[in-house]
J.: 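A single structure is presented below for examination.
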Amino acid sequence: MKLIQSICKAALVLTVVSLFASPLQAEAAPYEGYTYSYWGTTVNTPNAYIPAGTIDGSGQGIGRLKGPTDMYVAEDGLLYVLDVGNGRIVVFDEQWQVVREIREFVRDGEQEQFANPQGIFVTKKNHIYIADTENRRLVELTSEGEFVREIGAPQSEVLRPGFEYYPIKVAVDNAGRIYVVGRGVFDGIIELDADGAFTGFMGTNRVKFDVWDYFWKRLSTKEQRSKLAQFIPLEFNNLDVDGEGFIYTTTADVTSTDPIKRLNPTGADVLRREGYFFPMGDVYSESASASSLLIDVKVGENGVYSALDSRKGRVFTYDQDGNLMYIFGRMGEQEGTFRTPVAVERRGDHFLVLDQAMNRITVFKPTRYGTLINEANDLLILGQYDEAESKWKELLNLDANNEVAYVGIGKALLRQGENKQAMEYLKHGYDRVYYSKAFGKYRKEMVRKYFGAGMTFVIVFGVGLWCYSIIRRRATGKVKANVT
């Protein structure tokens with residue numbers, strides 16, 4: 001009887017816990033944390049992010065997601081998911097309640113639907129832009145799903161013959177300019193003005209070719225040349241816009257050292273690459289087939305950005321200087337792993353990764369280790385150097401060999417004017433760029449500090465030598481006179 005009562009009490013407790021528990025239950029990460037040292041070797045670190053649960057639609061009463069292709073977190077925190085297999089856009093709030101579903105829209109009195117849309121973007125005014133790929137158009141809707149306008153294929157004499165328009169990703173800056181990544185478009189990102197008129201291409205990737213191949217092409221016949229690989233630029237596969245209007249892009253090139261770019265309004269790449277290695281995902285791989293394949297980029301606050309590796313299922317996060325902050329995720333079947341990751345978003349301090357094959361969104365929350373890195377970097381950018389230094393030192397208690405922490409402390413000390421101490425920490429962090437800055441400032445500091453005393457010594461020493469030479473000449477002259 002007592003055993004039955006104990007079982008009933010346990011069942012009651014479990015029932016109460018399940019009623020009040022969050023739908024996103026925390027679990028240990030099914031992977032080990034790692035980063036790259038200055039020497040290019042992988043180094044184990046505490047996990048910066050761990051899975052906190054998954055969302056697939058079934059728990060929200062709308063049926064499972066099916067073949068989702070993209071998602072976007074709006075300024076108000078709402079998440080818009082492009083659920084292509086079900087022919088809808090699903091909008092979730094921050095508690096993962098469904099706000100609305102958009103399955104169609106009315107245009108000129110007729111209902112229309114999307115045809116295999118691949119990209120979605122939401123402006124600060126909560127207008128939704130959809131890259132309606134197979135319909136070869138962009139569609140703008142209100143947040144309620146009401147039709148605003150359609151933007152068709154660009155029209156211009158500068159477009160090459162045979163140009164085909166299949167928009168796959170779209171972004172809009174604060175001025176209303178529209179940027180489109182087109183499938184098979186090697187000319188660059190398609191730029192449209194606020195009215196939807198074509199203004200040109202921006203940020204064209206440089207052509208890369210092998211010198212030996214070029215030599216053989218020069219010697220080959222026309223028929224042979226047609227069978228050789230063509231020297232054409234690589235196409236972009238995704239983009240995002242930061243608060244200053246700069247365009248971050250990714251390119252599906254496993255051999256490139258710059259698969260992530262930050263384009264200014266003229267299309268020039270201004271991404272800072274001051275870390276140990278260029279932002280490119282995994283640094284070293286045994287072969288090109290094992291290299292990172294970056295397919296999405298998400299810009300966060302204070303110049304931090306994250307890139308999604310579709311080949312290895314990892315998210316790489318970098319600071320404003322291009323230093324690798326942390327890595328999390330992997331391919332697999334467990335919760336917290338992926339089969340076909342297609343999009344990454346950030347809501348607050350949580351990351352969201354969309355898996356097209358598993359038809360779900362995995363939510364990642366920061367550990368204490370990840371929180372310290374995020375907070376320390378934010379404080380450093382905001383100019384709160386004492387607080388930033390304290391966070392970085394706390395981080396060293398969790399990972400004594402963390403080179404990012406040493407660099408962070410060095411930067412904080414440098415901006416506080418503690419140049420000599422900054423040099424010591426930057427040396428431990430192997431940061432040559434900031435070490436040179438600290439050394440230059442320390443040298444100027446020493447010059448200013450000892451310049452007066454040094455010049456006084458030089459002057460006194462010079463005057464002393466001058467007086468000594470005069471006295472000596474006079475003494476020598478007297479001796480000669482006496483001898484005479």
Side-chain angles (χ1 to χ4, degrees), residues 34-43 188-189 202-208 233-234 236-285 288 291-309 312 314-327 344 373-374 376-378 380-381 402-408 410-411 414-415 426-440:
Y34 75 98
T35 187
Y36 285 96
S37 71
Y38 172 80
W39 307 104
T41 57
T42 56
V43 179
I189 294 174
M202 68 177 299
T204 306
N205 284 315
R206 293 181 179 179
V207 177
K208 296 183 179 181
L234 292 164
F236 294 106
N237 58 17
N238 220 321
L239 76 169
D240 196 16
V241 182
D242 68 9
E244 300 177 21
F246 289 85
I247 311 297
Y248 284 73
T249 67
T250 52
T251 303
D253 181 12
V254 297
T255 63
S256 175
T257 57
D258 56 354
I260 305 174
K261 293 183 178 180
R262 183 180 188 234
L263 306 179
N264 65 14
T266 66
D269 179 18
V270 293
L271 187 72
R272 299 177 69 175
R273 299 179 174 89
E274 297 180 2
Y276 304 147
F277 307 96
F278 287 177
M280 55 185 293
D282 275 326
V283 176
Y284 294 121
S285 297
S291 300
S292 292
L293 187 63
L294 305 182
I295 61 162
D296 195 11
V297 60
K298 179 60 185 178
V299 184
E301 299 293 331
N302 299 319
V304 174
Y305 56 95
S306 303
L308 176 63
D309 179 359
K312 299 186 178 182
R314 292 167 182 158
V315 176
F316 299 83
T317 298
Y318 302 89
D319 69 10
Q320 67 283 355
D321 290 326
N323 294 297
L324 179 60
M325 297 172 66
Y326 44 76
I327 308 168
V344 60
I373 295 178
N374 291 335
N377 186 70
D378 290 342
L380 185 65
I381 299 302
N402 192 296
E403 294 169 353
V404 173
Y406 284 110
V407 173
K411 288 180 180 179
L414 179 62
R415 294 175 184 180
L426 293 168
K427 182 179 180 180
H428 287 304
Y430 298 100
D431 193 312
R432 294 184 177 182
V433 174
Y434 277 89
Y435 181 87
S436 297
K437 293 179 181 179
F439 177 77

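Here the structure is a predicted model, which means the values were calculated and not measured. For this chain, numbers begin at 1 and follow the sequence in order.
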J.: With side chains defined as the heavy atoms from C-beta onward, is the minimum distance between Val270 and Arg262 less than 4.5 Å?
T.: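 The answer is yes; the side chains approach within 4.5 Å.
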J.: Leu263 and Gly203: which non-hydrogen atoms are nearest, and at how many Å?
T.: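 So the two residues come closest at CD1-CA, 3.8 Å.
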J.: Does any part of the side chain of Val304, heavy atoms only, come nearer than 4.5 Å to the side chain of Asn377, both counted from C-beta?
T.: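 Yes - at least one pair of side-chain heavy atoms lies under 4.5 Å apart.
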J.: Are any of the side-chain heavy atoms of Ile247 and Phe236 separated by less than 4.5 Å?
T.: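 With C-beta onward as the side chain, the pair stays apart.
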J.: Side chains of Tyr305 and Asp240: donor-acceptor distance under 3.5 Å anywhere?
T.: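 Note: Tyr305 and Asp240 side chains miss the donor-acceptor criterion.
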J.: Please step through side chain to side chain contact (heavy atoms under 4.5 Å, CB included) for the pair Tyr36 and Thr41, ending with a clear verdict.
T.: CA-CA 6 Å; Tyr36 285 96; Thr41 57; over 6 Å; no
J.: What pairs with Arg432 under side chain to side chain donor-acceptor pair (under 3.5 Å), at least two apart in sequence or on another chain?
T.: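 Checked Arg432 against side chain to side chain donor-acceptor pair (under 3.5 Å); matches are Tyr38.
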J.: To the closest 0.5 Å, what do you measure between CG (Asp309) and OG (Ser291)?
T.: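 These two atoms lie 9.0 Å from each other.
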J.: Hey, does Leu380 have a side-chain heavy atom less than 4.5 Å from the side chain of Arg415?
T.: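 Yes. Closest side-chain heavy atoms under 4.5 Å.
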J.: When you look at Ile260 and Phe278, which way does the side chain to side chain contact (heavy atoms under 4.5 Å, CB included) test go after all the steps?
T.: CA-CA 9 Å; Ile260 305 174; Phe278 287 177; over 6 Å; no
J.: Tell me the closest heavy-atom pair linking Phe277 and Trp39, and the distance in Å.
T.: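 Reported closest heavy-atom pair: CZ-C, 4.3 Å.
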J.: For Phe439, look at atom CZ and say whether over 12 heavy atoms of other residues, nucleotides or ligands are found less than 6.0 Å away.
T.: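 No, CZ of Phe439 has 12 or fewer neighbouring heavy atoms, counting only those of other groups under 6.0 Å.
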J.: When you compare the side chain of Asn374 with that of Tyr326, does any pair of heavy atoms fall below 4.5 Å?
T.: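 Side chain of Tyr326 against side chain of Asn374, heavy atoms only: contact under 4.5 Å found.
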J.: Does Leu426 reach the side chain of Val407, with side-chain heavy atoms less than 4.5 Å apart?
T.: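 Answer yes - side chains close enough.
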J.: Does a side-chain heavy-atom distance below 4.5 Å link Leu294 with Met280?
T.: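 No - every pair of side-chain heavy atoms lies 4.5 Å or more apart.
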J.: Restricting to non-hydrogen atoms, name the atom on Ser306 and the atom on Val315 that form the minimum distance, rounded to 0.1 Å.
T.: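 Closest heavy-atom pair between Ser306 and Val315: CB-CG1, 3.9 Å.
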J.: Which pair of heavy atoms, one from Leu414 and one from Ala438, lies closest together, and at what distance?
T.: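 Of all heavy-atom pairs spanning Leu414 and Ala438, the closest is CD1-CA, 3.6 Å.
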J.: Going from OG on Ser37 to CD on Glu403, what distance comes out if it is rounded to the nearest 0.5 angstrom?
T.: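 The CD atom of Glu403 is 5.5 Å from OG of Ser37, to the nearest 0.5 Å.
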J.: Please evaluate residues Thr35 and Tyr276 with respect to the criterion side chain to side chain contact (heavy atoms under 4.5 Å, CB included), reporting the C-alpha separation (whole Å), side-chain torsions for both, the decisive distance (0.1 Å), and the verdict.
T.: CA-CA 11 Å; Thr35 187; Tyr276 304 147; over 6 Å; no
J.: Could you grab the distance from atom CD1 of Ile373 to atom CG of Asp378, nearest 0.5 Å is fine?
T.: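 Spacing of CD1 (Ile373) from CG (Asp378) equals 11.5 Å.
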J.: Check whether Asp269 reaches the backbone of Leu271 with its side chain - one donor and one acceptor, N or O, closer than 3.5 Å.
T.: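 Yes, Asp269 side chain to Leu271 backbone: donor-acceptor pair under 3.5 Å.
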J.: Can you confirm whether Asp242 sits close enough to Tyr248 that some side-chain heavy atom of one is under 4.5 Å from a side-chain heavy atom of the other?
T.: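 Yes - at least one pair of side-chain heavy atoms lies under 4.5 Å apart.
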J.: Under the side chain to side chain donor-acceptor pair (under 3.5 Å) test, which residues partner Tyr318, sequence neighbours left out?
T.: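 With neighbours one apart ignored, the set is empty.
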J.: So with a 6.0 Å cut-off around NZ of Lys427, is the heavy-atom count from everything else above 12?
T.: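 Atom NZ in Lys427 is not packed in, count stays at 12 or less.
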J.: Minimum heavy-atom separation for Ile327 and Arg314, please, with both atom names.
T.: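 Taking Ile327 first and Arg314 second, the nearest heavy atoms are CG2-CB, 4.1 Å.
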J.: What distance do Asp296 atom CG and Asn238 atom CG have between them, rounded to the nearest 0.5 Å?
T.: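 Taking CG in Asp296 and CG in Asn238, the distance rounds to 4.0 Å.
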J.: OG1 of Thr250 to CG of Leu308: how many Å apart, nearest 0.5 Å?
T.: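 Here the interatomic distance stands at 9.0 Å.
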J.: Between atom OH of Tyr430 and atom OH of Tyr435, what is the distance when rounded to the nearest 0.5 Å?
T.: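 One finds 13.0 Å between OH of Tyr430 and OH of Tyr435.
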